[in-house]
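These numbers come from a predicted model, not from an experiment.
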Amino acid sequence: MDHPSVSLPGRVRAGYALGSLVTGAFGTVPGLLLLPYLTDTLGVAAGIAGLLVLAPKAWDVLINPVAGRISDRTRTRWGARRPFLLGAGLAVAVLFALIFAAPVKSGVYVALMFLATATAYAFYQVPYVAMPAEMTDDYSERTRLMTWRVALLAVAILVSGALAPVVTKQFGDGIPGHRAMGVFVAALIVVGTLGSFFGTRKAPVGAITQSEPSLAAQLKTARANKAFTRLLICFIIQAAGIATMLAGVSYFATQILADPDTGSTLLFACFVGPALLVMPLWSRIGAKIGKLRSYVLSSLIFAGAAALIALAPVLPNAVVYVLTGLVGCGYAGQQVFGLAMLPDCIAFDAARTGRRQAGVFTGLWTAGETFGLALGPGIFALLLAATGYVSSDSGTAVAQTDTARMGVQLGFTVIPAVVVALALFTLRGYDLNEARLSEGEALERTA
């Protein structure tokens with residue numbers, strides 16, 4: 001196998017990172033606004049709304065591995081992955097706007113549009129995540145590439161997550177406000193699509209080698225990669241915890257902080273803003289203590305700060321925002337090191353087997369991550385239903401009981417903290433470090 005250049009040009013890193021506008025916007029806004037849109041604008045009961053949000057994303061568990069296998073076998077003058085960035089990315093933009101277009105006031109319509117968008121997104125996300133393993137074979141360069149990507153991801157989350165509620169309110173809340181928000185986010189997705197497609201036109205693509213002959217054989221190969229399996233399970237569980245917290249932002253700002261107008265935006269700004277500042281620090285920490293230890297450290301920071309936010313009823317709002325900033329710092333590290341460890345697992349498998357199948361691993365990865373992100377709103381919705389949250393079709397939340405408010409509080413703080421911390425036990429036995437990767441590559445060269 002030919003190995004791509006060790007160091008990537010800055011313009012290639014930046015071009016690849018722009019794809020985070022697509023993944024960040026689609027990964028953030030539905031988790032933030034779709035559940036409140038269903039319960040407080042369309043009047044859908046909380047339990048049913050949770051199922052409507054979960055079901056389309058659960059579909060990705062099936063479609064993402066298929067998208068990975070298809071992209072593995074694609075041969076074009078643009079490479080195996082880039083054609084999907086353009087076509088699927090533009091489809092995601094159009095379909096996303098349609099989710100909130102509301103030609104009929106129906107939760108079923110929303111679910112169907114969300115399903116179509118999730119399908120298009122699979123064919124963008126899987127090839128996009130597969131690219132780093134083929135762009136460079138250098139252990140440290142992958143961390144640098146992921147640092148650029150996660151930095152842009154933080155910007156995408158900040159812009160989409162913080163401004164989407166502002167746009168919604170600016171255009172009158174309710175259905176008109178959500179329509180305007182859908183168009184705004186679709187525009188961000190178009191920018192990310194074009195940036196990632198054109199920005200990676202000179203990126204190395206790696207060697208085209210034989211892939212496993214069937215999807216079943218590829219899945220068996222992925223299961224044989226123990227490091228990948230452990231990392232994947234941890235990332236899925238943590239994604240569910242993070243998404244549970246994300247789903248509660250609007251509810252927490254309204255019911256606990258008593259700030260329905262600016263609370264969501266401030267929480268998001270505090271979550272993402274510090275993350276941009278600590279990104280270089282996480283890169284240096286990773287170089288000093290390793291990716292795995294850095295991943296564990298960042299996860300514990302996330303969990304600890306999230307648990308402390310449970311004291312919000314007796315804390316000044318300013319302290320809650322500071323703690324949210326610490327959660328964001330931990331989240332930044334989780335993303336940097338989780339996404340940097342993934343291509344290590346893929347590269348080790350390629351060195352071990354001599355087969356090019358990054359799409360299979362990233363298909364499983366993105367399917368699992370997407371399912372975890374879908375579980376979050378589902379968990380939060382079930383908690384709302386269990387504690388008696390009352391839905392509304394007026395576009396604004398109605399007054400809730402103390403029990404319902406307690407459900408909102410726990411769903412935003414304690415439950416995400418416990419889920420993220422407990423997930424770390426699945427990483428026991430993960431032993432893929434720079435030395436082991438070098439051994440694998442040396443064996444490949446002598447084979």
Side-chain angles (χ1 to χ4, degrees), residues 18-42 49 52-53 56-57 89 92-102 110 113-114 117-118 120-121 124 152-193 242-255 257 259-273 275-276 321 324 327-328 331 370 373-374 376-377 380-381 395-397 412:
L18 280 171
S20 290
L21 289 175
V22 181
T23 61
F26 186 72
T28 300
V29 177
L32 175 66
L33 294 180
L34 192 55
L35 186 61
Y37 174 64
L38 288 167
T39 60
D40 296 339
T41 296
L42 300 187
L52 291 177
V53 172
K57 285 298 192 75
V92 171
V94 173
L95 291 168
F96 186 93
L98 290 176
I99 293 174
F100 297 95
V110 172
M113 287 299 102
F114 194 32
T117 311
Y121 180 68
Y124 179 92
L152 262 293
L153 179 63
V155 172
I157 293 173
L158 178 61
V159 172
S160 62
L163 293 185
V166 174
V167 172
T168 303
K169 292 184 180 299
Q170 193 69 28
F171 284 84
D173 278 320
I175 289 176
H178 283 89
R179 283 175 178 163
M181 179 276 297
V183 173
F184 164 72
V185 175
L188 290 179
I189 292 173
V190 169
V191 172
T193 294
I242 293 166
T244 302
M245 192 172 194
L246 179 66
V249 167
S250 178
Y251 298 96
F252 189 80
T254 300
Q255 302 296 335
L257 300 183
D259 187 5
D261 294 328
T262 62
S264 295
T265 298
L266 287 174
L267 284 172
F268 245 90
C270 291
F271 180 84
V272 180
L276 293 172
Y321 294 136
T324 304
V327 172
Y331 172 75
T370 302
L373 292 174
F380 198 90
T396 57
F412 186 75

Novice: If every non-hydrogen atom of Ala253 is compared with every non-hydrogen atom of Ser264, which pair is closest and at what distance?
Specialist: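 So the minimum-distance heavy-atom pair works out to CB-N, 3.5 Å.
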Novice: Mind listing the closest non-hydrogen atom pair of Ser160 and Pro165 along with its distance?
Specialist: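 That closest heavy-atom pairing would be O-CD, 4.3 Å.
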Novice: Around atom OH of Tyr321, are there more than 12 heavy atoms of other residues, nucleotides or ligands at under 6.0 Å?
Specialist: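 Check passes, neighbour count above 12.
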Novice: Hey, could you give me the OG1/CG distance between Thr324 and Leu266, rounded to the nearest 0.5 Å?
Specialist: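 Going from the OG1 atom of Thr324 to the CG atom of Leu266 covers 10.0 Å.
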Novice: For the NE2 atom of His178 and the OG1 atom of Thr41, what is their distance to the nearest 0.5 Å?
Specialist: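 The distance works out to 4.5 Å.
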Novice: Given side chains that start at C-beta, do those of Thr244 and Phe412 come closer than 4.5 Å, heavy atoms only?
Specialist: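 They are not in contact (no side-chain heavy atoms under 4.5 Å apart), so the answer is no.
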Novice: Tell me, please, which residues at least two apart from Phe184 pass side-chain contact (heavy atoms from CB on, under 4.5 Å).
Specialist: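 Phe184: side-chain contact (heavy atoms from CB on, under 4.5 Å) contacts with Val159, Leu163, Val167, Leu188.
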Novice: Could you grab the distance from atom CZ of Phe100 to atom CE of Met181, nearest 0.5 Å is fine?
Specialist: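 If we round to the nearest 0.5 Å, Phe100:CZ and Met181:CE are 4.0 Å apart.
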Novice: Pair Leu21, Phe26 - check side chain to side chain contact (heavy atoms under 4.5 Å, CB included), show working.
Specialist: CA-CA 8 Å; Leu21 289 175; Phe26 186 72; over 6 Å; no
Novice: For Leu267 versus Phe252, what's the shortest heavy-atom pair and its separation?
Specialist: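 Here Leu267 and Phe252 meet closest at CD1-CD2, 4.1 Å.
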Novice: Output, in order, the C-alpha distance, side-chain angles, deciding distance and verdict of side chain to side chain contact (heavy atoms under 4.5 Å, CB included) for Phe268 and Thr28.
Specialist: CA-CA 10 Å; Phe268 245 90; Thr28 300; 3.4 Å; yes
Novice: With rounding to the nearest 0.5 angstrom, report the CG to CD1 distance, Leu373 to Ile242.
Specialist: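 Reported value, rounded in 0.5 Å steps: 7.5 Å.
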Novice: Is Val166 close to Thr262 at the side-chain level, that is, under 4.5 Å between some pair of heavy atoms?
Specialist: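 SC-SC contact between Thr262 and Val166 ruled out.
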Novice: Does a side-chain heavy-atom distance below 4.5 Å link Ile99 with Leu34?
Specialist: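 The answer is yes; the side chains approach within 4.5 Å.
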Novice: Any sub-3.5 Å donor-acceptor pair from Arg179's side-chain atoms to Ala102's backbone N or O?
Specialist: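 Looks like yes, one N/O pair under 3.5 Å.
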Novice: Return the orientation label for the Tyr331 and Phe271 ring planes: parallel under 30°, perpendicular over 60°, tilted otherwise.
Specialist: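 Ring orientation, 0 to 90° scale: tilted.
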Novice: Verify side chain to side chain contact (heavy atoms under 4.5 Å, CB included) between Tyr121 and Ile189, making sure each step is shown before the conclusion.
Specialist: CA-CA 11 Å; Tyr121 180 68; Ile189 292 173; over 6 Å; no
Novice: Between Tyr251 and Phe380, does a side chain to side chain contact (heavy atoms under 4.5 Å, CB included) hold up when you go through it step by step?
Specialist: CA-CA 10 Å; Tyr251 298 96; Phe380 198 90; 3.5 Å; yes
Novice: What are the two closest non-hydrogen atoms of Ala49 and Thr39, and how far apart are they?
Specialist: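 Residues Ala49 and Thr39, closest heavy atoms: CB-CG2, 3.9 Å.
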Novice: For residues Pro377 and Val53, report the shortest heavy-atom separation together with the two atoms involved.
Specialist: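 What the structure gives for the nearest pair is CB-CG1, 3.7 Å.
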Novice: Do you know which two heavy atoms are closest between Gly192 and Val22, and how far apart they sit?
Specialist: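 Between these two residues, the closest heavy atoms are C-CG2, 3.7 Å.
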Novice: Regarding Thr168 and Tyr37, do their side chains bring together a donor and an acceptor under 3.5 Å, going by distance alone?
Specialist: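 There is no such pair (donor and acceptor under 3.5 Å, judged by atom type) between the side chains of Thr168 and Tyr37.
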